[in-house]
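Heavy atoms only: backbone and side chains are in, while hydrogens, waters and symmetry mates are out.
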Amino acid sequence: MFATFLTSSTVKVNPWLPEYYHHRDAPSVASDPHTGNELRDAFGPEKDVGKHASNEEVHAHENSSLSQQLQHRCELLTIAIGRDLNPWLPKCFHYRNAPPVASDPHTGNELRYAFGPEKDVGKHASNEEVHAHENSSLSQQLQREVRVLCWIMTNPTNHKQKALHVKRTWGNRCNKLVFMSSVADPLIDSVALPVGEGRNNLWAKTKEAFKYLYKNHLDDADWFMKADDDT
């Protein structure tokens, strides 16, 4: 369409344009199946033509599980972001009565106030059966060549309840692991940042964390990844 406009309305074309744009006569596009020219002045039916029922042949072998799942997640998001919503949001966000989600396997509500094991449960050794035939040469090479520093936003209340379990599990995959808090705790070797706790201080805490990393660990990693203590 842009080419057609240029060729029909431009006499002198800049020399840097491709040769295709230098045609004097615009190519015909009436037969192009993508233009929709033949439907430009057509009207749709005035009456509602209805829709297929789910038991009709056209939908007989249809799998609607994904669309139903999306609808369900839309409802869950409604619960997460509250009831009073802007009118431009999709209809599914406007439900006033939120459906129960206690049994939804993705919510984790039943674990909200649960504690992990106090003792270190350990991890598999490289010679155990679960890793016997594992080829870790690529991951070891990446760990040497692409250094990742993970810093975890936490607070004193969550040091033992959440942050400790990050340290004992996936945190080991990072080349360097740093916990940012407002209190220094030898349990997780946390850094005491000069910022108070609470949601209103999250941005200030993030800025102080990056300032600390810049001053103390700038050359220790190629990538710096922020995560929360419940990640």
Side-chain angles (χ1 to χ4, degrees), residues 73-74 76-82 85-86 89 93 101 104-128 130-132 134-231:
R73 293 194 175 186
C74 188
L76 292 179
L77 184 58
T78 305
I79 301 167
I81 62 178
L85 302 165
N86 291 324
L89 285 173
F93 291 106
V101 295
D104 189 296
H106 304 99
T107 62
N109 287 338
E110 67 278 7
L111 297 176
R112 188 177 301 278
Y113 302 106
F115 290 87
E118 293 189 5
K119 295 182 179 180
D120 190 347
V121 296
K123 54 186 177 182
H124 292 291
S126 58
N127 59 348
E128 288 189 48
V130 69
H131 293 296
E134 185 178 70
N135 184 353
S136 59
S137 60
L138 179 59
S139 62
Q140 292 172 354
Q141 180 184 354
L142 286 172
Q143 188 175 35
R144 291 191 303 269
E145 297 179 0
V146 185
R147 302 168 302 164
V148 179
L149 183 150
C150 305
W151 72 269
I152 312 301
M153 177 91 79
T154 187
N155 61 71
T157 305
N158 290 340
H159 286 184
K160 187 176 181 180
Q161 181 179 351
K162 297 180 179 180
L164 178 61
H165 305 296
V166 172
K167 181 179 180 180
R168 289 176 175 174
T169 55
W170 67 265
N172 290 312
R173 303 283 184 174
C174 306
N175 294 84
K176 195 171 190 65
L177 182 65
V178 182
F179 290 92
M180 300 295 185
S181 182
S182 57
V183 174
D185 187 347
L187 182 68
I188 58 173
D189 299 322
S190 59
V191 175
L193 298 175
V195 181
E197 297 294 347
R199 296 190 65 85
N200 292 335
N201 295 320
L202 288 179
W203 173 228
K205 195 173 182 181
T206 301
K207 288 189 292 184
E208 289 298 327
F210 276 116
K211 286 165 61 177
Y212 176 88
L213 294 174
Y214 183 83
K215 293 178 181 178
N216 297 279
H217 299 289
L218 183 62
D219 297 323
D220 294 341
D222 304 299
W223 294 90
F224 297 81
M225 186 187 81
K226 173 192 177 295
D228 292 325
D229 52 20
D230 56 357
T231 299

Quick check: do [X] and [Y] have side-chain heavy atoms less than 4.5 Å from each other?
X	Y	answer
Leu149	Leu213	yes
Ile152	Met180	no
Leu164	Leu187	yes
Val183	Pro156	yes

Check: How far apart are the C-alpha atoms of Ile188 and Thr154, what are their side-chain angles, what is the distance that settles it, and do they pass the side chain to side chain contact (heavy atoms under 4.5 Å, CB included) test?
Finding: CA-CA 10 Å; Ile188 58 173; Thr154 187; 4.2 Å; yes

Would you name the heavy atoms of [X] and [Y] that are closest together and state the gap between them?
X	Y	answer
Ser136	Ser139	O-OG, 2.9 Å
Ser190	Asp185	OG-N, 2.8 Å
Val148	Ala221	C-CB, 4.3 Å
Ala192	Ala184	CB-N, 3.6 Å

Residue pairs passing the ring-ring contact (aromatic ring centres under 6.0 Å, His included) test with at least one member in residues 147-189, sequence neighbours excluded, are Trp151-Phe210

message: Does anything in residues 135-150 form a salt bridge (charged side-chain N to carboxylate O under 4.0 Å, His left out)? List the pairs, not counting sequence neighbours.
response: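 Every salt bridge (charged side-chain N to carboxylate O under 4.0 Å, His left out) pair that includes a residue of residues 135-150, provided the two are not neighbours, is Arg147-Asp222.
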
So salt bridge (charged side-chain N to carboxylate O under 4.0 Å, His left out) across residues 169-178, not counting sequence neighbours, yields none

Can you name the side chain to side chain donor-acceptor pair (under 3.5 Å) partners of [X], sequence neighbours left out?
X	result
Lys211	Glu208
Asn155	none
Asn172	none
Lys226	Asp228

Which residues share a salt bridge (charged side-chain N to carboxylate O under 4.0 Å, His left out) with [X], sequence neighbours left out:
X	value
Lys162	none
Asp230	none
Glu197	Lys205

* Asked: Would Asp229 and Met153 count as a side chain to side chain contact (heavy atoms under 4.5 Å, CB included) if you check the C-alpha gap in whole Å, the side-chain angles of each, and the deciding distance to 0.1 Å?
  -> CA-CA 6 Å; Asp229 52 20; Met153 177 91 79; over 6 Å; no

Interatomic distance, CG@Leu193 vs OG1@Thr206, rounded to 0.5 Å, equals 9.5 Å

- Query: Could you give the distance from CG (Leu138) to CG (Asn135), rounded to the nearest 0.5 Å?
  - Reply: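 So the gap between those two atoms works out to 8.0 Å.
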
* Could you note down all residue pairs passing disulfide bond (SG atoms under 2.5 Å apart) where residues 175-213 supplies at least one of them, sequence neighbours left out? =>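 Listed by first then second residue: nothing to list.
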
Phe224 meets the ring pair (Phe, Tyr, Trp, His ring centres under 6.0 Å) criterion, sequence neighbours left out, with none

**Request:** Give the C-alpha distance, both sets of side-chain angles, the deciding distance and a yes or no for salt bridge (Lys or Arg N to Asp or Glu O under 4.0 Å) between Lys167 and Asp189.
**Result:** CA-CA 10 Å; Lys167 181 179 180 180; Asp189 299 322; 3.7 Å; yes

